[in-house]
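Working notes, beginning with the structure itself.
Because the structure is a prediction, the values reported are computed rather than measured.
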Amino acid sequence: MPSQTSDTAGVRAGAKEWIGLAVLAMPTLLLSIDMTVLYLALPELSADLAPTSTQQLWVLDIYAFMIGGFLVTMGALGDRIGRRRLLVIGAVVFGAASVLAAYSVNVEMLIVNRAVLGLAGATLMPSTLALIRNMFEDPQQRAAAIGVWMMCFMGGMAIGPLVGGLVLQYFWWGAVFLIGVPVMVLLVVTAPFLLPEYRAPGAGRLDVLSAVMLVFTILPVIYALKEFASNGPGTWSLLALVTGLGVGALFVLRQRGLADPLLDMDLFKNRVFSTALGSMLFGVMAMSAVMLFVTQYFQMIQGLSPLRSGLWLLPSVAGMMVGFMVAPALAARMRPGTVIGGGLGLSVLGFLVLTQVDASSGFGLLIVGQVVLGMGISPLLALGTDLIVGSVPPEKAGSAAAMSETSGELGGALGVATLGSVGAAVYRSQMADAVPEEVPAAAAESAGETLAGALAAAQQSPSHAQALIAPAQEAFTQGMNTAAGVSAALLAVVAVLTTILMRHIRPISGEAGENTAEPVSTSGDGAVPQTRD
C-alpha cells in the first residue's frame, strides 16, 4: 500500500491555496444550508403543490437520504476519475437541479429534483474535503483549513432557517433553491484555476455492484433509524434494518475479495482512522439528539417561531466557531488526542447544564449549555476530520473523506432514533399519571404521546388546556434532561477512550524541518504524520 512520506511534510500552502479554500467552503456552506432551508418554505410550498403528508416527508428527507447513500461511492469515484473533475460535474448538476426544483410544477417533479440535488451533493462533499487534503500538505495548515471547512458546514445547518425566512419575506418558495446557483457558477468558473486535479495512480474501475450494495446498505439503515425515532419499531422499519445490515455484511465480504475495492476495509485497521471515525459517530449522535429537543423547547415551550428559534441557535454556532479556530492552535502545542478528549469533557459539562433546564427556567441555562456544548464538540469535528483524511495515503483521501461524512449522517440518524426514543419514553412515563381524570379520553391519549399532541389537544379542548399543557411541558423537559444525561455519560466514555487510543499522536507542527511524517499503514495500528518531541 502506498504511503505518505516526509518529502511533502514541510510544503506550505500559499495565497492560491487559501483562495481555493474559500471556493471550496462556499459549496460546503450551501449544501448544509439546503438541508434545513426548506422547513420554513414548506407551508407555502404545500399550499402551491398540495402534497400528501407522505410526499411532504419525501420532499424533506430525500435530499439527506441521497447524500448519505452515495457519499462513499462518490468519494471512491473522485479518487478514480479526478476529484476536481467530479467536483465540477457535481456543481453543474446541482445548479441545474436547483433551477428545476425552484420551478417545479408538481410535487413529483420537486421530489425527483431534490433527489438529484442530494446525488450531486454527494459528489461535492467528499471532493471538497479530499481536495483540501491535496492542497494543504503541511499538517498544521491542513488542520486549520479543515477547521474552516467544518465551520462552514456546521454554520450552514444553523443559518439555513434564517436564510429561508429572509428569502421568503420577498420571494416565492422556489427562490430558496436558487440561492446556490451563483455559488455553483462561481465554482465551475474558478475551479480550473484555483484547485488542483488529483486522481489515484493505478486506480481500477469502479465496481458498480459494490456501489449498488452500499446504497442498499446505508439507505435502509438510515430509513429504519428515522422510522424508529418517528413511529417506533414497525414491520417495515425492522425489515429495512435487517435488509441493510444483511446487504452490508455481503458488501464487506465482497470488498475483501476485490483487488481494487470500492471501500478498502484495511483502512479500519488503522487505529487513528477507526478511533477518529468512531468518536465522530458518537459525538454527532449525542449532539443531534439533544439539539432536536432544544429546538422543540424553543418552539413548544417558549412559544417562538421557527425563525426566532433559529436566531437563538446562533450562540451555539458562535461557540462552535471559537472551538474550530482554537483547536488547531492547541493541537500544535498539545497532543490532538488530549485536545479532543478535553473538548469532549467540556461537552459533558454542557450536557450536564442542560440536565438542569426545566419548563420555567427560560433561556439562560439553555443558552449556556448550548454554547459550552458547541465549544467542546468542535475540536472533535475539526481535528477528528483532519485525522481521518490525514491518516490514510493521499490516493485514499476521497474514500476517507466520504467515510467521515457518512459517519456524521449515521450518527445524526442514530442519535435521534436512540436518544430521542429515550426522551420520548420518559415523556410517556411521566404523562401516564399526570393527566387529570376529567380530561376527555381522546385528548388525554394524544397528550400522552408527544408534547405536540398535548398542544393540539389543548386547542381542541380549551377548558382543559392548562391541565394538559403544564404536565406535558414538564414531562418534555424531563425527557430532554434524561437524554442530555445519557449523552453526557456517553461522551465521558468517548473522551477517555479517545485520549487513550490517540495518546501516541504527537502535536501537529507546521514548521518546515520539524514535521517528520512516518509512513502511513492501513494494515496495522497505523499512524498519522507525527512531529518529533
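- Judged purely by atom type and a 3.5 angstrom limit, S429 has no side-chain atom pairing as donor or acceptor with the backbone of A425.
- Scanning all heavy atoms of the two residues, the minimum distance from F177 to R114 falls at CE2-CD, 3.7 Å.
- Scanning both residues, L100 and N113, for their nearest heavy atoms gives CB-OD1, 3.3 Å.
- For the pair M184/V92, no side-chain contact is recorded, criterion being any heavy-atom separation below 4.5 Å from C-beta on.
- Note: L250 CG to L209 CG = 10.0 Å, rounded to the nearest 0.5 Å.
- For the side-chain contact (heavy atoms from CB on, under 4.5 Å) with V23, the lone residue among L87, L187, L131 that qualifies is L187.
- Residues L195 and V88 have side chains not in contact (no heavy-atom distance under 4.5 Å, counting atoms from C-beta outward).
- Here CE of M74 is found 11.5 Å from CD1 of I67. Values are rounded to the nearest 0.5 Å.
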Give the C-alpha distance, both sets of side-chain angles, the deciding distance and a yes or no for side chain to side chain contact (heavy atoms under 4.5 Å, CB included) between L178 and F171. CA-CA 11 Å; L178 299 179; F171 304 100; over 6 Å; no

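- Between the side chain of Q430 and the backbone N or O of Q478, no donor-acceptor pair lies under 3.5 Å.
- Remark: side-chain polar atoms of D358 are not paired, donor with acceptor, to backbone N or O of E474 under 3.5 angstrom.
- Annotation: the span from M287 atom CE to S378 atom OG amounts to 9.5 Å, rounded to 0.5 Å.
- Side-chain contact between T243 and F216 is absent, with no heavy-atom pair separated by less than 4.5 Å.
- Here the OG1 atom belonging to T123 is positioned 8.0 Å from the CD1 atom belonging to I89, to the nearest 0.5 angstrom.
- Counting heavy atoms from C-beta outward, V181 and V99 have side chains that approach closer than 4.5 Å.
- Within the 6.0 Å centre-distance limit, the rings of F476 and F293 are counted as a close aromatic pair.
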Side chain to side chain contact (heavy atoms under 4.5 Å, CB included) between M125 and L71: does it pass, once the steps are laid out? CA-CA 8 Å; M125 293 177 68; L71 275 171; 4.0 Å; yes

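- A 6.0 Å sphere centred on CH2 of W172 holds more than 12 heavy atoms belonging to other residues, nucleotides or ligands.
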Under the side chain to side chain contact (heavy atoms under 4.5 Å, CB included) rule, what do L214 and I218 come out as? Steps first, then yes or no, please. CA-CA 6 Å; L214 189 60; I218 295 176; 3.9 Å; yes

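- Residues that satisfy the salt bridge (Lys or Arg N to Asp or Glu O under 4.0 Å) test with R254, not counting sequence neighbours, are D207.
- Put simply, the side chain of T217 gets close to the backbone of G248: a donor and an acceptor are under 3.5 Å apart.
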Go through it in stages, so that I can follow the logic: the residues are M320 and I377, the test is side chain to side chain contact (heavy atoms under 4.5 Å, CB included), and I'd like the CA-CA distance, side-chain angles, deciding distance and then a yes or no. CA-CA 7 Å; M320 296 183 76; I377 204 73; 3.9 Å; yes

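- Taking OG of S279 as the reference point, atom CD1 of I388 lies at 8.5 Å (rounded to 0.5 Å).
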Intermediate values then yes/no, ring pair (Phe, Tyr, Trp, His ring centres under 6.0 Å), F324 and W149: CA-CA 9 Å; F324 286 136; W149 181 90; 9.8 Å; no

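- Residues that satisfy the side-chain contact (heavy atoms from CB on, under 4.5 Å) test with L219, not counting sequence neighbours, are F65, V215.
- Residues in residues 110-131 take part in no ring pair (Phe, Tyr, Trp, His ring centres under 6.0 Å) pair, two or more places apart or across chains.
- The shortest distance between side-chain heavy atoms of R85 and L77 does not fall below 4.5 Å.
- Closest non-hydrogen pair, A276 versus G384, comes out as CB-O, 3.8 Å.
- Put simply, the side chain of D386 never gets that close to the backbone of A382: no donor and acceptor are under 3.5 Å apart.
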Stepwise side chain to side chain donor-acceptor pair (under 3.5 Å) test for Q302 and Y297: CA-CA 6 Å; Q302 297 297 329; Y297 181 94; 3.3 Å; yes

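- Taking both residues in full, the closest heavy atoms of A484 and L354 are given as CB-CB, 4.0 Å, listed atom of the first, atom of the second, then distance.
- No side-chain heavy atom of M285 sits less than 4.5 Å from a side-chain heavy atom of L281.
- Interatomic distance, S104 OG to W173 CH2, rounded to the nearest 0.5 Å: 5.0 Å.
- At least one donor-acceptor pair under 3.5 Å links the side chain of E197 to the backbone N or O of R84.
- For I62 against I111, the heavy-atom pair with the smallest separation is CG2-O, 4.0 Å.
- S316 places none of its side-chain heavy atoms less than 4.5 Å from the side chain of L373.
- For the pair I146/I132, a side-chain contact is recorded, criterion being any heavy-atom separation below 4.5 Å from C-beta on.
- Heavy atoms only, all atoms of each residue included: A102 and G174 are closest at CB-O, 3.1 Å.
- No more than 12 heavy atoms of other residues, nucleotides or ligands shown are found within 6.0 angstrom of CZ on F282.
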